[in-house]
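Keep in mind the model is a prediction, meaning the values are calculated, not measured.
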Amino acid sequence: SVSTSSGGSDGLSLSPPSGMGCTANGAVVVSNSGDMPLIVSEVSLNNDSISTCGEFVHSWAGEATLAPGESTTIGVDYIATSACMESSYPGTDQNMLHILSNDTDTPDKAISLDATALYCGG
């Protein structure tokens, strides 16, 4: 199972605290809710080619084998360079996070990424 710091399982929405500032921090937690080991083999992030006012970045410790009941966290931050709004474009795989694993139902879990930094910059 997957849960995001913004409360969803398919999308992560980020904005700086109280709408002020240029950086928003978030997380995606991958949990093994099954009864077999879950191998999370790769995490990748695709930014869009449309917006030039910011970007999403991720941090992850690397391949992990999760026993039933265990979880791992993927950090996802949004760093804006000016006031910015970002939307995900699943059809063209932009502003998307991909979590690859040996899960037979969802070997490539895609998370849409959205962000708003209204009061960043001058």
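Heavy atoms only, all atoms of each residue included: Pro16 and Gly21 are closest at CG-O, 3.4 Å. The minimum heavy-atom distance between Thr65 and Glu70, with the atom names listed, is O-OE1, 3.8 Å. Here the closest heavy-atom approach between residue Pro17 and residue Thr23 is recorded as CD-O, 4.0 Å.
Gln94 and Ser49 share a side-chain donor-acceptor pair at under 3.5 Å.
Considering only residues two or more places apart in sequence or on other chains, Ala110 meets the side-chain contact (heavy atoms from CB on, under 4.5 Å) condition with Met96, His98. Met85 meets the side-chain contact (heavy atoms from CB on, under 4.5 Å) test with Thr116, Leu118; sequence neighbours excluded.
A donor-acceptor distance shorter than 3.5 angstrom exists from the side chain of Ser101 to the backbone of Asp103, with no hydrogens or angles considered.
Atoms CD and CD1, from Glu55 and Ile79 in turn, are 6.5 Å apart once rounded to the nearest 0.5 Å. Here OG of Ser88 is found 12.0 Å from CG of Asn46. Values are rounded to the nearest 0.5 Å. Note: Asp77 CG to Asn25 CG = 4.5 Å, rounded to the nearest 0.5 Å. Atoms CG and CE, on Leu66 and Met36 in that order, are 14.0 Å from each other to the nearest 0.5 Å.
Applying the disulfide bond (SG atoms under 2.5 Å apart) test to every pair with at least one member in residues 28-85, sequence neighbours left out, gives these pairs: Cys53-Cys84. For residues 3-16, the side chain to side chain donor-acceptor pair (under 3.5 Å) pairs, not counting sequence neighbours, are Thr4-Ser6, Asp10-Lys109. Listed by first then second residue, pairs satisfying ring-ring contact (aromatic ring centres under 6.0 Å, His included) with a partner in residues 38-75 read Phe56-Tyr78, not counting sequence neighbours.
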Sequence neighbours left out, cut at 3.5 Å: what donor-acceptor pairs do the side chains of residues 38-45 make with other protein atoms?
from  : atom 1 : to     : atom 2 : distance (Å)
Ser41 : OG     : Leu100 : O      : 3.3

> Which is it for Ile74 and Ile99 under the side chain to side chain contact (heavy atoms under 4.5 Å, CB included) test, yes or no, and what are the steps along the way?
Replying inline: CA-CA 9 Å; Ile74 302 159; Ile99 304 166; 3.9 Å; yes
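The residue from Val2, Val76, Asn95 that alone fulfils the side-chain contact (heavy atoms from CB on, under 4.5 Å) condition with Ile111 is Val2.
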